[in-house]
Amino acid sequence: MEKILVLDFGGQYNQLIARRVRDQHVFAEILPYNRITPQEILAAGYAGIIFTGGPNSVYDEASPHYPKEVLSLGIPVLGICYGCQLIAYMDGGEIRSAGEISEYGKVEHTVVDRDDPLFKGVPERDICWMSHTDYVSELPPGYEAIGVTENCPCAAMCDRSRKIYGVQFHPEVTHTRFGAALLHNFLYDICGVSGDWTSGSFVENSVAYYRDKYKGKKVLLALSGGVDSSVAAVLMHRAIGDDLTCVFVDHGLLRKDEGDIVERTFKGRFGLNMIRVNAADRFLARLAGVTEPERKRKIIGEEFIRVFEDVARQIGKVNVLVQGTIYPDVIESGAGDAATIKSHHNVGGLPSVIDFDEIAEPLRNLFKDEVRRVGLELGIPYELVWRQPFPGPGLAIRVIGEITAEKLDLLRDADAIFREEIARAGLERDTNQYFAVLTDTRTVGVMGDARTYGYTVALRAVSTDDFMTADWTRLPYELLARASARITNEVKGVSRVVYDVTSKPPATVEWE
Ligand code: XMP
């Protein structure tokens with residue numbers, strides 16, 4: 001497989017660069033600059049290298065540098081922002097601080113050398129996106145400026161003979177209108193790739209690889225019904241068939257009919273060897289009387305492990321445990337200095353309780369959108385591949401206060417109505433996550449001529465890119481009106497419906 005190295009110098013767009021390269025059907029992997037040497041780059045057979053941006057100035061003592069021989073490996077290089085300045089610095093150019101006239105935002109870019117392969121098909125004048133204080137003020141010997149902006153005499157530069165390129169702007173952000181064309185040119189015309197990274201080739205290679213490696217072994221996977229574990233399960237099943245056992249723990253905190261849908265899909269349709277553990281009673285018993293959210297999460301996490309231990313005992317010795325780890329988890333693991341707002345409980349982390357030899361992570365190189373594409377390639381239904389995120393602790397953190405079977409049923413019905421109405425309005429893709437919450441507030445209502453005293457259901461829908469921040473979705477009033485009327489009429493015990501109009505921050509997506 002052809003691959004591009006994204007050498008990370010601390011830029012905030014490192015993941016975006018890798019994704020844009022992959023959008024062009026070329027595999028890209030991100031490595032911190034201090035984790036790989038030029039010799040290792042050469043040995044790994046990369047078709048090209050992209051230096052990311054970074055927050056530093058090349059003259060800072062602490063700024064990240066890299067051995068100059070990387071520019072003489074015979075592998076094309078593209079430096080972006082700090083990466084461009086670093087190339088110039090390494091080869092003897094000069095960098096200056098632009099001070100007052102630093103460029104930020106959309107800037108007009110002019111191509112100087114329209115014959116350079118980097119600018120093939122790029123308009124002579126177009127908009128690029130800049131974010132820098134320093135700039136290359138004097139080119140290193142052997143380089144020429146091939147693009148300029150008003151304040152940047154070397155907005156793009158190259159040493160064509162060695163295929164070393166640098167751009168001061170950010171081709172990976174969509175505001176740079178010719179960014180995708182430029183990256184395409186770098187990859188196909190300068191690095192000479194053919195573009196072999198497709199979901200079809202990924203499935204084919206993975207199936208061949210895992211069949212060879214694990215056929216005949218005992219392989220176990222915890223299936224949650226979420227996108228990642230579902231795709232990992234179907235992929236692995238295609239490789240090794242019944243040697244894969246999937247364990248699906250139904251903790252009784254799933255949405256309406258969800259457990260049955262998971263079973264129908266994976267056991268029925270895909271023929272997976274699946275053990276469904278109906279453990280609702282165990283979980284409910286442990287959660288009885290518990291109202292504090294973090295305590296709920298902790299109990300559910302622990303109980304999951306207990307249930308798994310029991311299943312593992314029946315299964316006996318396992319050779320391989322499959323996990324649905326995806327690329328952002330791989331890149332971000334270890335970078336955990338952010339404060340814990342909620343201790344997210346996921347069903348993946350179970351190795352300590354199972355006797356196994358090896359972990360397999362078939363999706364560890366994929367971004368989320370790629371996991372979805374692979375899912376579709378494998379024939380997993382669209383609704384499942386585009387399933388909105390659902391928290392590991394399930395409805396336990398959407399029933400505020402004490403959890404009972406009755407309250408869960410009530411919430412499930414209200415939630416199903418809300419989802420149905422969103423689907424009926426065709427708005428499933430216009431909001432990223434939506435659900436009902438059962439508050440522990442009861443209020444007075446009137447029905448017929450009688451007084452009622454029922455629960456308040458809150459509806460929540462959020463729009464977000466990454467779930468780190470989110471805004472509440474402006475759902476149409478008519479939709480809210482229909483959902484409210486149906487919930488109060490059809491769900492006995494609910495007398496009031498409210499819509500949550502709080503963004504994150506200051507609120508979080510979930511109520512607990
Ligand atoms: P918050 O509420 O933290 O939610 O703003 C952000 C995203 O994370 C999901 N979430 C969880 N997912 N275990 C999970 O697997 C959890 O304990 C958990 N808590 C929140 C939430 O649904 C949203 O998508």
Side-chain angles (χ1 to χ4, degrees), residues 221-232 248-256 258 262 283 286-287 290-305 307-308 323-326 328-329 332-333 336 338-350 363 367-369 371-372 384-401 403 408 411-412 414-415 418-419 422 428-439 458-473 500-512:
L221 180 146
L223 182 68
S224 70
V227 183
D228 303 340
S229 70
S230 301
V231 174
F248 168 50
V249 175
D250 184 345
H251 51 23
L253 303 163
L254 297 170
R255 290 170 293 191
K256 193 167 185 168
E258 202 162 27
V262 169
F283 279 87
R286 290 271 335 259
L287 288 165
V290 177
T291 55
E292 209 273 312
E294 283 303 277
R295 189 101 196 88
K296 289 181 182 174
R297 280 193 170 78
K298 206 151 187 274
I299 289 173
I300 294 165
E302 282 168 9
E303 198 55 25
F304 239 103
I305 309 244
V307 172
F308 240 87
Q323 298 206 304
T325 319
I326 67 170
D329 310 330
E332 277 155 20
S333 60
T340 307
I341 308 293
K342 295 178 186 179
S343 58
H344 282 202
H345 152 75
N346 285 306
V347 293
L350 305 160
L363 310 179
F367 287 109
K368 193 83 179 183
D369 48 344
V371 173
R372 292 203 164 100
L384 235 159
V385 163
W386 279 101
R387 185 182 188 263
Q388 55 173 308
F390 184 64
L395 301 183
I397 55 167
R398 293 181 183 169
V399 169
I400 309 304
I403 301 161
L408 284 169
L411 175 58
R412 265 192 276 265
D415 184 69
F418 186 40
R419 286 189 289 132
I422 290 203
E428 288 153 304
R429 296 290 292 276
D430 294 0
T431 170
N432 302 98
Q433 195 174 3
Y434 47 96
F435 51 88
V437 174
L438 184 69
T439 74
L459 303 179
R460 178 99 165 121
V462 294
S463 304
T464 174
D465 286 329
D466 55 7
F467 296 91
M468 303 293 283
T469 61
D471 198 4
W472 57 278
T473 307
D500 182 349
V501 291
T502 331
S503 62
K504 171 184 179 177
T508 51
V509 174
E510 303 288 347
W511 274 38
E512 284 198 335

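This is a predicted model, so every value here is computed, not measured. Numbering of ligands and ligand atoms starts at 1, following listing order.
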* Asked: Under 3.5 Å, is there a donor-acceptor pair between the side chain of Thr473 and the main chain of Ser463?
  -> yes
* To do: State whether the side chain of Gln433 and the backbone N or O of Pro389 hold a donor-acceptor pair below 3.5 Å, judged by distance alone.
  =>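 Between the backbone of Pro389 and the side chain of Gln433 there is a qualifying donor-acceptor contact (under 3.5 Å).
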Residue [X] vicinity, atoms of ligand 1 by number, heavy atom under 4.0 Å:
| X | result |
| --- | --- |
| Lys504 | 1 (P), 3 (O), 5 (O), 6 (C) |
| Glu510 | 2 (O), 20 (C), 21 (C), 22 (O) |
| Arg297 | 16 (C), 17 (O), 18 (C), 19 (N), 20 (C) |

* Would you say Phe390 and Leu254 make side-chain contact, with heavy atoms under 4.5 Å? -> yes
* Structure fact -> For Pro505, the side chain to side chain contact (heavy atoms under 4.5 Å, CB included) test, sequence neighbours excluded, returns Thr469
* Set of residues satisfying side chain to side chain contact (heavy atoms under 4.5 Å, CB included) with respect to Asp471, sequence neighbours excluded ->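 For Asp471 the side chain to side chain contact (heavy atoms under 4.5 Å, CB included) partners, ignoring immediate neighbours, are Arg474, Ser503.
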* Is the closest N or O pair between Pro389 and ligand 1 shorter than 3.5 Å? ->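 Checking ligand 1 against Pro389, no N or O pair falls under 3.5 Å apart.
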* Asked: For Gly392, is at least one N or O under 3.5 Å away from an N or O on ligand 1?
  ->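 Yes, since at least one N or O of Gly392 sits under 3.5 Å from an N or O of ligand 1.
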* Asked: Should the proximity of Pro391 to ligand 1, defined as any heavy atom under 4.0 Å, be assigned to the side chain, the backbone, both, or neither?
  -> both
